[in-house]
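Keep in mind that what you see is a predicted model, and the values were worked out from it rather than measured. Below, chains carry the letters A, B, ... as their sequence lines are ordered, and counting in each starts from 1. All values below come from the heavy atoms of this structure, side chains included, with hydrogens, waters and symmetry mates left out.
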Number of protein chains: 2
Amino acid sequence: MNRRPTITDVARAAGVSVATVSKAINDRDGVSAATHAHVLKVVAELGYESSLVATSMRRGRTNVIGVLVAEFEPFALQLLQGVSTALQGTPYDVLAYAGTVSAGDHLGWERRSLSRLGGTLIDGAILVTPTTTPAHSSVPIVAVDPHTGPDGPATVAVQNIDGARAATEHLISLGHRRIGHLRGRTDLESAQQREEGYRQALEAAGIRADPALIIDGGYRAASATAGAHALLTLPDPPTAVFAANDLTAIEMIRVAAERGLTTPRDLSVVGFDDVPQAASSVPQLTTVRQPLIEMGESAVRVLLSMLEGGEPEHVRMPAELVVRSSTAVAPT
Amino acid sequence: MNRRPTITDVARAAGVSVATVSKAINDRDGVSAATHAHVLKVVAELGYESSLVATSMRRGRTNVIGVLVAEFEPFALQLLQGVSTALQGTPYDVLAYAGTVSAGDHLGWERRSLSRLGGTLIDGAILVTPTTTPAHSSVPIVAVDPHTGPDGPATVAVQNIDGARAATEHLISLGHRRIGHLRGRTDLESAQQREEGYRQALEAAGIRADPALIIDGGYRAASATAGAHALLTLPDPPTAVFAANDLTAIEMIRVAAERGLTTPRDLSVVGFDDVPQAASSVPQLTTVRQPLIEMGESAVRVLLSMLEGGEPEHVRMPAELVVRSSTAVAPT
DNA sequence: CTGTTAGCGCCTTCAC
DNA sequence: GTGAAGGCGCTAACAG
C-alpha cells in the first residue's frame, strides 16, 4: 500500500532533474545517451510508470479511447468486445466507463461522463445507446444505437426496420394474424424503427395494425411485465408477439408461462438483438441478430478516422433473423 | 468539438472566484445561500462537470473503482457485469481498463495499469486473472482468479479442484477410461488446480493418469489447436477430454470435427467456466460453471471493506457441473 | 546537454 | 463569506 513512485522519485534516485527524466522516458532529444540509459535503468528498478492522469492533464493526447455506457449490460459488453478487438494492434488502450446518474441529474449520463473524461482522459468516445447525443463535445464521438437518426454526430446502428420486418414476416409466414408488439423505449430511434418495420410487414400482408396490440415494453424485463400481462388479457389476445428486444421477449415468455401458456405452442415470441442468453433461454429464442461485435469494430474505425481529421460517418449494419424454438405455426 | 467548460469559465460567468465555485459545488460551507444557488445555476447552464482527472490529481479519492484486465474476453466481461451491478447504489463509478503490453515490457500489464491508474484515477482495483500479483500497490487490490494462492493480496476464486474433479468424474461415470486433459496456462494457479482435480478423480476411480494424455492448451482457442490435434493422433487416443476452459473445449470439438470425429458420439468434451457461448455452441457444451457474476460481486464486497480499513479476504466460490450435450457414454 | 520555470484544472489552506 | 496562493505529477518552453 506504499506510494507509487513519481517522476520526482526517479529524478532523485537518478540524480537528475525531473525534466531530464521526462525527456528520457519520452525519447525526446536533448539527453545524452549515457544519461538516457541511466534514467531508464532507474525507472526499471523503481517500477515507475507515468501517471495517466498527470500526463493527460499536461499533454493533449492520451491514446485512450473511452467507451461510455449507462450500465454494463449484455448489449454494451458485446459491443465492448468488438471495440477491444478492433483496437488491438493500435496504440490505443480501451477505457470503459459506467457513470452513475445522480437522481437530480437530468443532463443524462452521457453528458456527464463525457464532460468528466473528455478533453482530459480520453482522445475520443464511443457512446453506447445514448438517450441524448451531445451536440458538441470536446472530443470526437461516435454514437452506437443513438436516440436519433443520422443528423449530427457519427453513428453506428443496425437496420432496425428491415430486421423488425423480417421478424414480423416470419410470424406471418407461420400463419399468425393477430401479432402483438411489445414496443421498446420510445425515446430511442431503434424502438421507433422496430415498430415501423412491424407495421410495414403487417401492411404488406394486408393485415390491419390493431392499436390494442401495440404496448410499451421499455426494453427492460421489469418494465415489460405489465405490458406482457396486458397483451394476454385482451378480449382477443395475440397468438404471437414481436418484442422489441431479447430481454423483454424473454420476459414475455415468462409471463405467458405464468398464465398457463406454453411457448411456442400457445404463443410464438420473437426478440431482437441476439444477446448471449437468447441462445440459452428455454425455449431458445427466435430473434433478430445485431452484429454487435462488428458494430463495435465499425465504431472504432469511424472514430479513428475522425481522430485523423476525417468526417463523421453514419454506418448501418444488416440485421439477420435467427430462427430458434420460440416460434411455431399458429394454433388453428 | 468546442472546449468543455472549466471551473474558471464557471467562475467568470458567475462573477465569483474559482474557489467559491469549488466550495459551492462540493457543498462546503463558507458560501452564502444566495451565492451557492447562483453558482449552481450557472453550472447547470454551462453544463459543467468537474474533470475527473483534475479532481483526482488534487484530491485523493475519486469514487471510482477500476477493473483491470488484459483483454475484454468473455470471462472478464461477465465478471465486469457482476462488479457493475454490485456497485449500483454505491457512490462508486466503474472504470474498466484494458492496458496493452508493449512488446518490450516484461513487467506485466497489471503492474503497468495499476501504476498508471492507481493512486490517481481509481480508489481501488479489481485485477482479473493477473499473471503476477503486485506485492505492493498504492491502492487496495483484489485479484480474481490469481496466479497464486491465498498468500498476499485479497483474492476471489472458484473451487477449481472440486469443479475439475466433478467434470472428470462425470466422464468416468459415463464409462470413459481414456480421458485426456487439455491443460490451461500453467503459470496460473487455476490451471494447476484443475489438473489436480482431474488427477484426483482418476486416482479415486483407480485409473492411472497417462502423461501422454495431458497436453498444454493455454486457455485460448489459438493456443489449443495443436494440442487438440496431438491428443487425437495418439496411438491410443482418448474417448473423452476435459479441457481447462470453455474456449479450448470448443476448439477441441472443432478440431475433432475437422478430423471426422463427432461430439459426443466419438468424443466427449467437458469445459470449464460456462461462458455465454458454452450454451450456444453446437453441441451445447457440458461444462463447470463459475459463478462469474457472483464472483464480481464478491470482489466488490471485499474491496469496499478494504477501502474502509478492513483486512484482505480470500473467497472461494463453489463450482457446479452443468451437463449439456457434449458428453455421452463411452463408445464400446 | 541539462535544469529551471510555468501551467494543465482543480481543491484546500489561509488571509482578508 | 469570499478570494488569492500553492501544489498534485507531468511536459513544453526557455535558460544556462
Side-chain angles (χ1 to χ4, degrees), chain A residues 3-39 42-43 46-64 114-123 138-139, chain B residues 3-39 42-43 46-64 114-123 138-139:
Chain A
R3 210 170 50 79
R4 62 176 278 281
T6 71
I7 197 172
T8 313
D9 299 325
V10 175
R12 183 160 30 226
V16 295
S17 74
V18 291
T20 304
V21 175
S22 176
K23 286 177 201 158
I25 290 169
N26 298 297
D27 287 320
R28 330 271 296 136
D29 34 64
V31 183
S32 75
T35 310
H36 187 265
H38 175 57
V39 168
V42 173
V43 163
L46 267 53
Y48 169 80
E49 284 284 345
S50 73
S51 159
L52 183 60
V53 167
T55 305
S56 84
M57 190 142 132
R58 192 68 204 15
R59 190 145 50 183
R61 252 180 126 73
T62 55
N63 277 5
V64 176
L114 208 48
S115 191
R116 293 191 50 138
L117 306 185
T120 29
L121 234 203
I122 56 181
D123 290 348
S138 49
V139 293
Chain B
R3 208 170 51 77
R4 63 177 277 282
T6 72
I7 198 173
T8 314
D9 299 324
V10 176
R12 183 157 32 224
V16 295
S17 76
V18 292
T20 304
V21 175
S22 176
K23 285 175 202 159
I25 290 169
N26 298 296
D27 287 321
R28 327 277 284 124
D29 34 66
V31 184
S32 73
T35 310
H36 186 266
H38 176 55
V39 168
V42 173
V43 163
L46 267 54
Y48 168 79
E49 283 285 344
S50 72
S51 160
L52 182 60
V53 167
T55 304
S56 86
M57 192 141 136
R58 187 65 183 83
R59 193 144 50 179
R61 252 180 125 71
T62 54
N63 278 7
V64 176
L114 208 47
S115 191
R116 295 195 57 164
L117 305 186
T120 31
L121 233 203
I122 56 182
D123 291 348
S138 49
V139 293

Between Arg59(A) and Asn26(A), is any pair of side-chain heavy atoms under 4.5 Å apart?
yes
Counting primed atoms, P, OP1 and OP2 as sugar-phosphate and everything else as base, the B/S/- map of nucleotides 6-16 of chain D against protein heavy atoms under 4.0 Å is BBBBBBB----
Given 3.5 Å as the limit, does a donor-acceptor pair link the side chain of Ser115(B) with the main chain of Tyr48(A), or not?
no
Please confirm whether the backbone N or O of Ala24(B) pairs with a side-chain atom of His36(B), one donor and one acceptor, at under 3.5 Å?
yes
Just to be sure I understand the rule, does Ser56(A) reach a base, reach only the sugar-phosphate, or reach nothing, if contact means heavy atoms closer than 4.0 Å?
nothing
Using a 4.5 Å cut-off on heavy atoms from C-beta on, say whether the side chain of Asp9(A) contacts that of Arg3(A).
yes
Going by heavy atoms in the side chains, are Ile7(A) and Ser22(A) under 4.5 Å from each other?
yes
Do Asn63(A) and Arg61(A) have side chains that approach each other closer than 4.5 Å (heavy atoms only, starting at C-beta)?
yes
Heavy atoms, side chains only, cut-off 4.5 Å: are Val139(B) and Arg4(A) in contact?
no
Span of DNA chain C, from the first to the last nucleotide whose atoms fall under 4.0 Å of chain B heavy atoms
dG9(C) to dT12(C)
Taking the side chain as C-beta and beyond, is there a heavy-atom pair between Val16(A) and Val39(A) under 4.5 Å?
yes
